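Only heavy atoms go into these numbers, but all of them, side chains included; no hydrogens, no water, no symmetry mates. None of these values were measured; they are calculated from a predicted model. Chain letters run A, B, ... following the sequence lines, proteins first and then strands; every chain starts at 1.
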Amino acid sequence: MTINFMSKMLIPTRKESPSDSDTISHSLLIKGGYISQLLSGVYTYLPIGLRIKNKIINIIREEMNNMGCNEILMPALQPLEYWEKSKRSKAFGDIIFSILDRKKRKLILGPTHEEVVTKLFADTVNSYKQMPIIFYQIQTKFRDEARPRGGLIRVREFTMKDAYSFDIDDQALEISYEKMSTAYQKIFSRCGVPVVKIEADSGAIGGKGSQEFIYLTTSGEDNVILCDCGYAANEEKATMSIEKNKEEVQLDKEKINTKNITDIDQLSIFFKLPKNKFLKSVFYIAHDKEDKLIPIVASIRGDLEINETKLSNFLKVSNLRKMNEKEIKNYNIIAGYAGPYQLNKDIISIADESLVNADNLIGGSNELNYHLKNVNFIRDWEANFTTDLALVTSGSSCINCNKKLNSKKGIELGHIFKLGKLYSEIFNIKITNPDPSKSIPVMGCYGIGIDRILASVAENGSSNNSLTWPITISPFHVHVINIGKKEESKTMEIENSLKKISDLGIEILIDDRDETVGKKFADADLIGIPLRILFSKRNLDKNKFEIVDTTNQESSFFDIKDFEKIVIRLINNLKNKYEVEVIKN
RNA sequence: CGGGGCUUAGCUCAGCUUGGUAGAGUGUCCGGUUUGGGACCGGAAGGCCAGAGGUUCGAAUCCUCUAGCCCCGACCA
């Protein structure tokens, strides 16, 4: 192992935060000289950033290999045809970077690899004897995100570990899925980042069930719904228990003049009634698979909001948006006074379950300046479909235990999916069974964002001007700082000791620069190595050295003759904190 | 894709309202003094004021367009 000298390394630390950073990890990664921005959402890794990234990759690789996964490397370049075949070119849309080769063939820079891996499987595996099999790769992905943000939190070019399992049936998939889930817990523990595992929406990837591993932080962009009882779900997916309105005797409808009163808040004040006594209607346009526009009215009790992810999943469309003013006019909808009845017949009506048995609600009359009192579902109107469309928010009641739910922000670090036969059917892959029949393999896919782990760990162990990396992914194990002028007589002795521990595999960064001690400490705070070894005249004169554990700021003094023993012991102590401590939830 | 903001020295910013070809701090380089928390003294280099067009005798400054970057929202494995 070589000893690394700061005077020779590119670690461009800065005193001031970059003007264009809002999240603490972004600011610290720039200030500490870990990364450098090239384009919006595209970063260069500088030496210490790259060292951390490589350590995260090594941990992931070890855990994948321990599970018997096969590491492969698929190309970033893919033919667009595959994506047309799986009908995902539309679902992903503008997020795909596409290019033409010299023969004008359409290629894309892969945002993910389900299509390619399915084709690979078809070409290379054909018997049940070869199953189960899991492929994985650590590779650069490209996604032209509409809005990159937060430094490494949302980028357009990033490194991902993606794995794909192929099993003989659903039962076998369960086993692969659970094994992968356990491996993920180990990976996050070893990287020193706390995660919660939550129920998730599977989005454009498709499939029958998925979970995410989330690091909770206000810098995150996913909304996570959590309960003390252990219930945890992505806001997109979360369900809640809704208190039903009391059943009432259904009264006759009545038209009330409500001039200039158009939203639930105002209506609630006007009628002096709680919001759950109103009927809310929201109008959308969905694009179906052939890109035809479908008008939708979604209705829900007035105290609740529509979860648009649930709505678009129910409709099986990837493109859902609110109706614009022009479309509202075209369908003769009277904004502010609309109800989900007596509308243009093209409009598909979907009602939330909260409306079932909610009697005598106040809803729009579809006539300007009037609302209707005592509107009753079934008696007065029916929807084409009734389903759960409600958005869960902080304060909603838990579906399991009825306690109040919390909503928190988080960063999605990993996502695991049960894909089922989705892609194996599209690409028509079959494997031979023990008997003469053939089966369609069942797939799972599993992703981890490596850059996001790095950003999350930076968020986790940070203050305004300092970072502390877990020893397992720290760019070096120890940071050696000389204070004051070198004492010629002792220098040789120290260098010999450093060389010895370095030969044992300990990674050492020495601040050999001719800088003042303040500058050296400030830089060390940003570089974040958890063990700091200090040599100074006043200690050397007593044949002592000082070692600081920056995870708790504890400083201790030891005899130089014990140097190797002490350093190794402290490193091992720190390592033990992170090794294989699987979080259960 | 909608809304907002920004773009002047390597970095963080001032100057723009009221037009007269550019400033600070920090960093860098040189010399010296310092050395347990970004220290001090002296000297130096460093800018096509994002780009294009316009108004003007004259534009960093006023007007128009374009681009880039950031934030909020929409979208999103």
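One C1' atom belongs to U21(B), the other to U61(B), and the distance between them is 12 Å to the nearest Å.
Using Watson-Crick or G-U wobble geometry with both donor-acceptor distances under 3.5 Å, A39(B) finds its partner in U33(B). The nucleotide C69(B) finds its pairing partner in G5(B), both defining distances of the Watson-Crick or G-U wobble pair being shorter than 3.5 Å. Pairing of G25(B), defined by two Watson-Crick or G-U wobble distances under 3.5 Å, is identified with C11(B).
If you check the side chains of Asn307(A) and Glu236(A), you find no donor sitting under 3.5 Å from an acceptor.
The distance from the CD atom of Glu459(A) to the OG1 atom of Thr23(A) is 5.5 Å, given to the nearest 0.5 Å.
Relative to the six-membered ring of Tyr177(A), Lys418(A) meets both conditions, a distance below 6.0 Å and an angle of at most 45° to the axis.
Note: CG (Asp201(A)) to P (C75(B)) measures 12 Å, nearest angstrom. Atoms NZ (Lys15(A)) and P (G37(B)) sit 15 Å apart, rounded to a whole Å. One interatomic measurement links the two molecules: NZ of Lys537(A) to P of U34(B), which rounds to 15 Å at whole-angstrom precision.
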Task: Summary of protein contacts for nucleotides 4-11 of chain B, nucleotide by nucleotide, where a base hit scores B, a sugar-phosphate-only hit scores S (4.0 Å, heavy atoms) - done: -------B

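Note on Phe158(A): a base of the nucleic acid sits closer than 4.0 angstrom, heavy atoms only.
Only Gln37(A), Leu39(A), Ser40(A), listed by number, bring a heavy atom of residues 24-45 of chain A to less than 4.0 angstrom from any atom of RNA chain B.
The nucleotide whose nearest atom lies closest to any side-chain atom of Arg532(A) is, among C70(B), G37(B), U35(B), G37(B).
Here the side chains of Lys141(A) and Glu157(A) are not in contact, with every heavy-atom distance at 4.5 Å or above.
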